[in-house]
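Order of the sequence lines fixes the chain letters, A, B, ..., with proteins taken first and strands second; residue numbering starts at 1 for each chain. Computed from a prediction, not measured in an experiment: that's the story for all the values here.
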2 protein chains.
Amino acid sequence: MLNERSLTISQECADCPIRHRAVCARCESDELERLEEIKYYRKFEAGQTVIWSGDRMDFVGSVVSGIATLTQTMEDGRTQMVGLLLPSDFVGRPGRTSAAYDVVATTDLVMCCFRKSPFEEMMRQTPHIAQRLLEMTLDELDAAREWMLVLGRKTAREKIASLLSIIARRDASINMRTATGTLVFDLPLTREAMADYLGLTLETVSRQISALKKDGVIELEGKRHVTIPDMTRLLDEAGDDSDGGLFA
Amino acid sequence: MLNERSLTISQECADCPIRHRAVCARCESDELERLEEIKYYRKFEAGQTVIWSGDRMDFVGSVVSGIATLTQTMEDGRTQMVGLLLPSDFVGRPGRTSAAYDVVATTDLVMCCFRKSPFEEMMRQTPHIAQRLLEMTLDELDAAREWMLVLGRKTAREKIASLLSIIARRDASINMRTATGTLVFDLPLTREAMADYLGLTLETVSRQISALKKDGVIELEGKRHVTIPDMTRLLDEAGDDSDGGLFA
DNA sequence: CTGTACTCTTGATCTGGGTCAAAGTTTCAA
DNA sequence: TTGAAACTTTGACCCAGATCAAGAGTACAG
C-alpha cells in the first residue's frame, strides 16, 4: 500500500499533518496521539480526480507519494494549472468548506488525510500548527507569484526551461545526480499537462522540448526520461536571475 | 496627514495590525496597548519605491490609504506585477528578512507599520493573529491562482475586462454606485501598470480599452474615469463563470 | 501478435498581440 | 502662458505561438 518513498518519509515523521519532513521536529507526542485518531490514508489512480472545484471538502491532508495538480477551468474548456502537488505538499484550506480548484492525480497517488473539523480543532489548540501552515502558505504564495512572471512575461522556450528547472529542483531528493553533476529524472507530466501549466499548447511544448534537445540543453530518452547535463545552462535558458528560487 | 478614507478605517479599528476592518472584532485591549508601542506611520509619494526586492525588510504593515503594487523584474527589464495592494492589505512576511518583490507606491500612500521582531513576538503570544494572517494569506493565494488563469489563458480583451472587474469589486467601498446600478470609479493605474499586471504591452491595453469603450461595455471620461453601465456585461467579457470571485 | 486508443512529433498556415513610429493629451514647472 | 516631459492613442507591419492536419511511436486489452 505505501511505497518505498512514502516509507522514507514515514521514518522521519509519519503523522505530522503538514509537510512531513519539515515540521516533525516540532511535533509533540500528545499531538501525535490525537492526530492518530483522525488520520486515514486515501489512494487514487493516475487520472482520477481527488476533488472537483466547488465540491464540499471535508478533509485536509498531504501528499505521501505521487503527484497531483491543481487546475482551474473556464466554461469553454480552457484550463490553467495553478499548482503542482508533490510529496509532502499540503492540500486543503482550513476554514473554507468547498474546494476552489480541481485536484487531479497525474500519477498513482497516496494521501494522508485528516477529517477537517477535528483538524481545525487541533489547530486552534496548538498554535504552532497554524504558524507552520502560515509559513507553508507564504511559500506557496511566493511560488505562485514567481509563476505569474513565467506566465506573463516569458517566451515559450523560457517557460519550458523554467518548468524543467522547477521539477529538477523540487524533485531533487528523488533524482539521480551522477558524479559529473548531471541531473536525471522522469517527467511526471504529459505534454498536455505541461502546456496547461505553462499557458501554451501541447504542440508548442513538444516543439520547444525538441529544440532544447537539439541545442544540447537537455537530453531525452523516450518521451519522459530527461537528463540535464548542465543545470546552469538550463537556468540561463529559463531567464532566471541567479538560481531562480522557484518553489524555494 | 491621514486622509478621510484612513480616518474612516480608524473609526473601526485604528490599531489592528492586519486588515483593519476585518479583524478588529477579535482584538483585545491589552493587545492594542502593546501594538501601540511598536506602531508608526510611513508616507510615500506616488512613484516612490517602498522597498526593493532583496532588501532587508525590518517591518510589516498594512496600507492605510493609497495603492501600491508588488512587481517582479527580470534582468532584461521585463516586469510582471504580481499583486495589487489596496487599503487594508497587509505587507510583509513574518519570518523572512528580505523582500521578495519590489513594492512601489502608485499613488500617494500611507502605511501603518510595525517593527518586525516585536510584531513576531506578539504573533507568538497571541495565536489569533497567526490564524488571521493565515486566512488572509490563503485569500491572497486564491487571488494569485485566479490571476494565473487570467495570465495563462485569457485573451487581451478578457484580461482588460478581468482587471476592470477586479478593481470595480475591490474598490466597491469607495466607488459611486448610482441609482441605476451603474458603477463609477477612477482607474488607479497607468496604462503601463495595467500592462505589467496583465502581461501585455501598453499599446495593447490602450487598444482594448478603446475597443471596450466603442462596444459600450465601459464609458470613459478622460483617461482615468470609468463608468460601467452593466457589470454583468463586463463579467461576461472577462469570461468569468458566475461572478468571478476574484480577490474574494 | 494485433488492433485500438493514446500520446507525441512535425509540418503548413494563420492570427493575436508585439514592435516600431508618430501624433495627440495632460500635467506641471518656470 | 508656455514649453517640456509624461502619458495615451492610433496606425502599419511583423512574428511567436496558435491552429489545423497528418503521421509516428507506445501501451495494452483481447
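Salt-bridge check for E237(A) with R157(A): passed, with a basic side-chain N closer than 4.0 Å to an acidic carboxylate O. Ion pairing of K223(A) with D186(A) is absent here, as no side-chain N (NZ or NE/NH1/NH2) approaches a carboxylate O to less than 4.0 Å. Ion pairing of R145(B) with E140(A) is present here, as a side-chain N (NZ or NE/NH1/NH2) and a carboxylate O approach within less than 4.0 Å. Salt bridge annotation for D196(B)-R78(B): absent, with no cationic side-chain nitrogen under 4.0 angstrom from a carboxylate oxygen.
Atom-to-atom, CD of Q208(B) to P of dG11(D) comes out at 14 Å; the value is rounded to the nearest Å. Here dT19(D) presents its P atom at 11 Å from CG of D76(A), a figure rounded to the nearest Å. The CG atom of L200(A) sits 15 Å away from the P atom of dC8(C) (whole-angstrom rounding). When the P atom of dG17(C) is taken as reference, atom CG of L151(A) falls 15 Å away, rounded to whole Å. Atoms CD1 (I160(A)) and P (dG17(D)) sit 10 Å apart, rounded to a whole Å. Distance CG (L202(B)) to P (dC7(D)): 10 Å, rounded to an integer number of Å. When the C1' atom of dT8(D) is taken as reference, atom CE of M194(B) falls 12 Å away, rounded to whole Å. As a whole-Å value, the separation of D196(B) CG from dC7(D) P is 12 Å.
Not a single donor-acceptor pair, N or O on each side, falls under 3.5 Å between the base of dC7(D) and the side chain of E192(B). Judged by atom type and distance alone, E203(B) reaches the base of dC20(C) through a side-chain donor-acceptor pair under 3.5 Å.
Contact check, T190(A) against dT7(C): no side-chain N or O comes under 4.0 Å of OP1 or OP2.
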List the atom pairs, donor and acceptor, that lie under 3.5 Å between side-chain atoms in residues 98-112 of chain B and the rest of the protein, sequence neighbours left out.
from: Y101(B); atom 1: OH; to: D142(A); atom 2: OD1; distance (Å): 2.4
from: D102(B); atom 1: OD1; to: S53(B); atom 2: N; distance (Å): 2.6
from: T106(B); atom 1: OG1; to: I67(B); atom 2: O; distance (Å): 3.1
from: T107(B); atom 1: OG1; to: I67(B); atom 2: N; distance (Å): 2.9
from: D108(B); atom 1: OD1; to: A46(B); atom 2: N; distance (Å): 2.9

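Considering only heavy atoms from C-beta on, L198(B) comes within 4.5 Å of W147(B) through its side chain.
The side chain of T204(B) sits closest to dG18(C) out of dC20(D), dT19(C), dG18(C). You'll find that the side chain of S206(A) is closest to dC8(C), out of dT9(D), dC8(C), dG17(C). Side-chain proximity of R207(B) to the nucleotides dC8(C), dT10(D), dG11(C) is greatest for dT10(D). Taking only side-chain atoms of T201(A), from C-beta outward, the nucleotide of dT8(D), dC8(C), dA18(D) with the closest atom is dA18(D).
Contact annotation for I209(A): no contact, since no heavy-atom pair falls under 4.0 Å across all strands. Within the 4.0 angstrom heavy-atom criterion, no nucleotide atom of any strand lies near G47(A).
In terms of position along DNA chain D, the nucleotide closest to S210(B) lies nearer the 5' end than the nucleotide closest to the other residue of the pair S210(B) and G199(A). Between R153(A) and R191(A), the one whose closest nucleotide on DNA chain C sits nearer the 5' end is R191(A).
A cation-pi contact, defined as under 6.0 Å to the ring centre and within 45° of the axis, links R42(A) to F59(A).
Distance check: K154(B) NZ to M74(A) CE gives 5.0 Å after rounding to the nearest 0.5 Å.
Near DNA chain D, defined here as any heavy-atom distance below 4.0 Å, the residues from residues 217-226 of chain B are K223(B), R224(B), listed numerically.
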